[in-house]
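First listed ligand is number 1; within each ligand, the first listed atom is number 1.
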Amino acid sequence: MEDRIIPAHVAIIMDGNGRWAKKRGLPRKMGHVEGCKVVEQTVEDAARLGIRYLTVYAFSTENWKRSGDEVDALMQLFRYYAKRLLKIANENNVRVKMIGERSRFAPDIIDKIHALEKTTEKNTGMTFVIAVNYGSRDEICRGVRRMLADSRDGILEPECVTQETISSYLDTAGLPDPDLLIRTSGEERLSNFLLWQLAYSELYFSDVLWPDFKKEELVKAIEVYNKRERRFGNAK
Ligand code: FPP
């Protein structure tokens, strides 16, 4: 992979935890346990490869509809990994940021999210963005509500609204749009993830289930991205 272009921002829809567990006769939550280990490793791999921004879809606005047991297991994993990620982020000079509507989480999880962002805010390496209780349409709704409130208060003139203005009202304000989106497990949908931000991104679909997604898979996705870059000359 010499002379490769490393995409500045890689976004990942981590899919296939449930199928990974089912294939092994394990409860679904074991797929998420394994999936978290892969998240941890991917943060280190991405930082070392020189990726500047890594965004992962950890919990969607639709995920609340899963069984109480599975939602509880995911919440317990967030609690545990908030602590572990703090260590990993600081060891790798990684800044952590959460996007999504966090007020629906238990107070201790909200505190942990806040601590994770605050403690890592001065790190200067990769930015690791975790989408929790995130849905693109919900993000756009929340952004439009704030825009209308600012317009009512005289802070925003409707005729001055540009694409950049809209971007600045989204949860991802200040982050560049993803260059590459990876979705695992053979599904080829966006599932309400970063709909505005992915307008020009390269899409890469892998058949590998998320718990099996290793560094080689990330490198493979970057290689395919490089081939497309060469073919189309990065034309938007
Ligand atoms: C999709 O697999 C995965 C999820 C809904 C959750 C992803 C979350 C993690 C890997 C944990 C992230 C944790 C941190 C700390 C960032 P699925 O359950 O939809 O799989 P299936 O399609 O095979 O059923």
(request) Please list, chain by chain and in numerical order, all residues satisfying ring pair (Phe, Tyr, Trp, His ring centres under 6.0 Å) with Trp210, sequence neighbours excluded. (result)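 For Trp210, the residues satisfying ring pair (Phe, Tyr, Trp, His ring centres under 6.0 Å) (neighbours in sequence not counted) are Phe213.
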(message) My understanding is that only residues two or more places apart in sequence, or in another chain, count here; which of them pass ring pair (Phe, Tyr, Trp, His ring centres under 6.0 Å) with Trp196?
(response)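 Testing Trp196 for ring pair (Phe, Tyr, Trp, His ring centres under 6.0 Å), a comparison that skips the adjacent residues, returns none.
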(message) Test of understanding: with side chain to side chain contact (heavy atoms under 4.5 Å, CB included), list the residues that count as partners of Ser151, not counting sequence neighbours.
(response)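 Partners of Ser151 by the side chain to side chain contact (heavy atoms under 4.5 Å, CB included) criterion, ordered by chain and then number, come out as Pro158.
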(message) Distance to the ring centre below 6.0 angstrom and angle to the axis at most 45 degrees; does that hold for Arg66 and Trp64?
(response)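 Pair Arg66/Trp64 does not count as cation-pi.
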Are there any protein N or O atoms under 3.5 Å from the N or O atoms of ligand 1? List them with distances, or say none.
residue  : atom   : partner : partner atom : Å
ligand 1 : 2 (O)  : Gly16   : N            : 3.4
ligand 1 : 2 (O)  : Asn17   : N            : 3.3
ligand 1 : 18 (O) : Arg28   : NH2          : 2.9
ligand 1 : 18 (O) : Arg66   : NH1          : 2.8
ligand 1 : 19 (O) : Asp15   : OD1          : 3.4
ligand 1 : 19 (O) : Arg66   : NH2          : 2.8
ligand 1 : 20 (O) : Gly16   : N            : 3.4
ligand 1 : 20 (O) : Asn17   : N            : 3.2
ligand 1 : 20 (O) : Gly18   : N            : 3.0
ligand 1 : 22 (O) : Asp15   : OD1          : 3.1
ligand 1 : 22 (O) : Arg19   : NH2          : 3.0
ligand 1 : 23 (O) : Gly18   : N            : 3.4
ligand 1 : 23 (O) : Arg19   : N            : 2.7
ligand 1 : 23 (O) : Arg19   : NE           : 2.8
ligand 1 : 24 (O) : Arg28   : NH1          : 3.1
ligand 1 : 24 (O) : Arg28   : NH2          : 3.1

(request) Verify the distance criterion only: is there a donor paired with an acceptor across the side chains of Ser168 and Thr165 at less than 3.5 Å? (result)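 No - no donor-acceptor pair under 3.5 Å links their side chains.
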(message) Salt bridge or not between Glu223 and Lys220? Use side-chain N to carboxylate O under 4.0 Å.
(response)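 A salt bridge is absent here (no side-chain N lies under 4.0 Å from a carboxylate O).
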